[in-house]
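Worksheet for the structure shown next.
Note that this is a predicted model, so its numbers are computed, not measured. Sequence lines set the chain letters: A, B, ... in the order given, protein chains first and strands last, and positions in each chain run from 1.
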Amino acid sequence: MRQLFPPASNTIARVSLTLGLLLPAVALLAGSAISRAPYNTKVDIPLDQPVPFSHEHHVNELGLDCQYCHTSVEKGPKAGLPPTHTCMGCHSQIWTNSPLLEPVRKSFQTGEPIKWNLVNSVPDFVYFDHSIHVKKGIGCTECHGPVHEMQITYKAKPFHMAWCLQCHRKPEEFIRPKEEVMNPHYSHPKNHVEVGRKLVDEYGIKVEQLTDCSICHR
Amino acid sequence: MRAPDRRYVAAALAPLALLALTGCHVDMWRQPKLIAEHENAFFKDGSASQLPPPGTIARGALRENEAFYTGAVQGNLIEEPPVPINRETIERGRKQFGIHCAPCHGSLGYGNGMIAQRGLAMRRTPGNYHTDRLREMPIGYFYDVITNGAGVMFSAAARVEPEDRWKIAVYIRVLQLSQHAKLSDVPAAEREKLGAHGAPPEAGSPPAGQTDLSGGSDRRGEQR
């Protein structure tokens, strides 16, 4: 009988067995690594903006409260981008000749909004609401990171569903006293889980409902 | 060995091909609906957020109460705030004052907030509440200034709700009293506690040796 398999077949069989197991595993790992990498999530990448607005200067150095500009954060789903009128409240007096602020002055004169580039967003099937989060003791920096240190604003967290769920499953690890919500310098105490459990009770947060689909999706 | 039937190969590969398609499915991520502050080609200016036509009044939002919404009745500023005066009102007023007013006017209202200190080229410094003129001004005046602005101060109406404007006005009264109080204003039982501190600072000027840090400071040094 004729030899069906030449001697090289042994090697080919071993290599293809190994690759057949390895390649899918590598592809899976690579895929998940890429989806979590800043390349995809845009985390830590400052975006170009029409005006190089510095939160670091306005919050850290001048001490403005988040709500000076983001006025609807307690009232509705959006924290609210300030209208040009808010900028000009100070910049009609300060830095009036700065070329960097030319787009702001132009917007004020023409009434045409400044087109900022979107830094943080969730897919359209997510119905996120700022007001309920700040009312229940979730601080700004919990999701937005150290905004008070950002020269140019960047996204600090991936905003994946898995990331949201960390807190929706265990809010006691992230919650803080309501008075500290707008404080960018707040840091959690050592016994924060213990304190957090009390706050979760006190604020009436029903943890068992927080992972219901309809909490975020309609 | 016989070559496998093409149909079987196709059947085996079809699910794989479907798998490849899943990556291109974004119609739920980007739905054809208006989202506040986002871009949208539907309107001429390309923005999803549109101003209502002039004169539009939302259902139930007709501002009939002249005193509450203008701070004046037929042009006369009102003397009594149309909000209850209690601890809650004052605390809310303090919080809103800290957010919207203190950056320029300072946490005590002497007109020396952080913006006033940093804005070296300001044509006019922010108002000082501790003058006879402003101490005697009806409270409706403060509501009116927050609502319509005054001098170089812009209107804060878009940022502060009417209810909060009144609470801020009440808190300004608190500040005025706190900086212009006489020993006789303190209940007799509490007076002794003040004894050691001597006379209150001269009215109308910030307490000696105190820099106003209300509107902020370089807080990087004191991060907790």
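Each of B:H38, B:M153, B:Q96 has some count of heavy-atom pairs under 4.5 Å with chain A, and the biggest count is that of B:H38. Counting heavy-atom pairs closer than 4.5 Å to chain A, the top-ranked of the candidates B:S49, B:S155, B:A156 is B:S155.
Residue A:V126: no heavy atom, backbone or side chain, is found under 4.5 Å from chain B. Looking at A:H57, only its side chain comes within 4.5 Å of chain B, counting heavy atoms on both sides. In this structure, the portion of A:L118 lying under 4.5 Å from any heavy atom of chain B is its side chain and not its backbone. Only the side chain of B:I35 has a heavy atom closer than 4.5 Å to any heavy atom of chain A.
Residue B:R94 places its CZ atom among 12 or fewer non-hydrogen atoms of other residues, nucleotides or ligands, all under 6.0 Å distant. Few gaps surround CG on A:N117; more than 12 heavy atoms of other groups in view lie less than 6.0 Å from it. Within 6.0 Å of OH in A:Y39 there are 12 or fewer heavy atoms belonging to other residues, nucleotides or ligands. The neighbour count for A:R218 CZ, taken as heavy atoms of other residues, nucleotides or ligands under 6.0 Å away, is above 12. A 6.0 Å sphere centred on CZ of A:R36 holds no more than 12 heavy atoms belonging to other residues, nucleotides or ligands. Residue B:K44 qualifies as open at atom NZ: its count of foreign heavy atoms under 6.0 Å is 12 or below. Within 6.0 Å of the CD atom in A:E112, the count of heavy atoms belonging to other residues, nucleotides or ligands does not exceed 12. B:E39 CD: 12 or fewer foreign heavy atoms inside a 6.0 Å radius.
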Validation: residues 5-13 of chain A side-chain donor-acceptor distances under 3.5 Å, sequence neighbours left out:
| unit_1 | atom_1 | unit_2 | atom_2 | d |
| --- | --- | --- | --- | --- |
| A:S9 | OG | A:P6 | O | 2.9 |

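The shortest heavy-atom contact between A:Y127 and B:Q31 is OH-OE1, 4.2 Å. What you find for A:L62 and B:M114 is that their closest heavy atoms are O-CG, 3.6 Å. In this structure, A:G80 and B:E37 approach most closely via the heavy-atom pair CA-OE2, 3.4 Å.
Taken to the nearest 0.5 Å, the CD1 atom of B:I99 stands 7.0 Å off from the CE atom of A:M182. Rounding to the nearest 0.5 Å gives a distance of 9.5 Å between CZ of B:R118 and CD1 of A:I94. The CZ atom of B:R159 lies 8.5 Å from the NE2 atom of A:H85; values are rounded to the nearest 0.5 Å.
The contact list for residues 66-79 of chain A toward chain B, using heavy atoms and a distance under 4.5 Å, reads A:Q67, A:Y68, A:T71, A:E74, A:K75, A:K78 by residue number.
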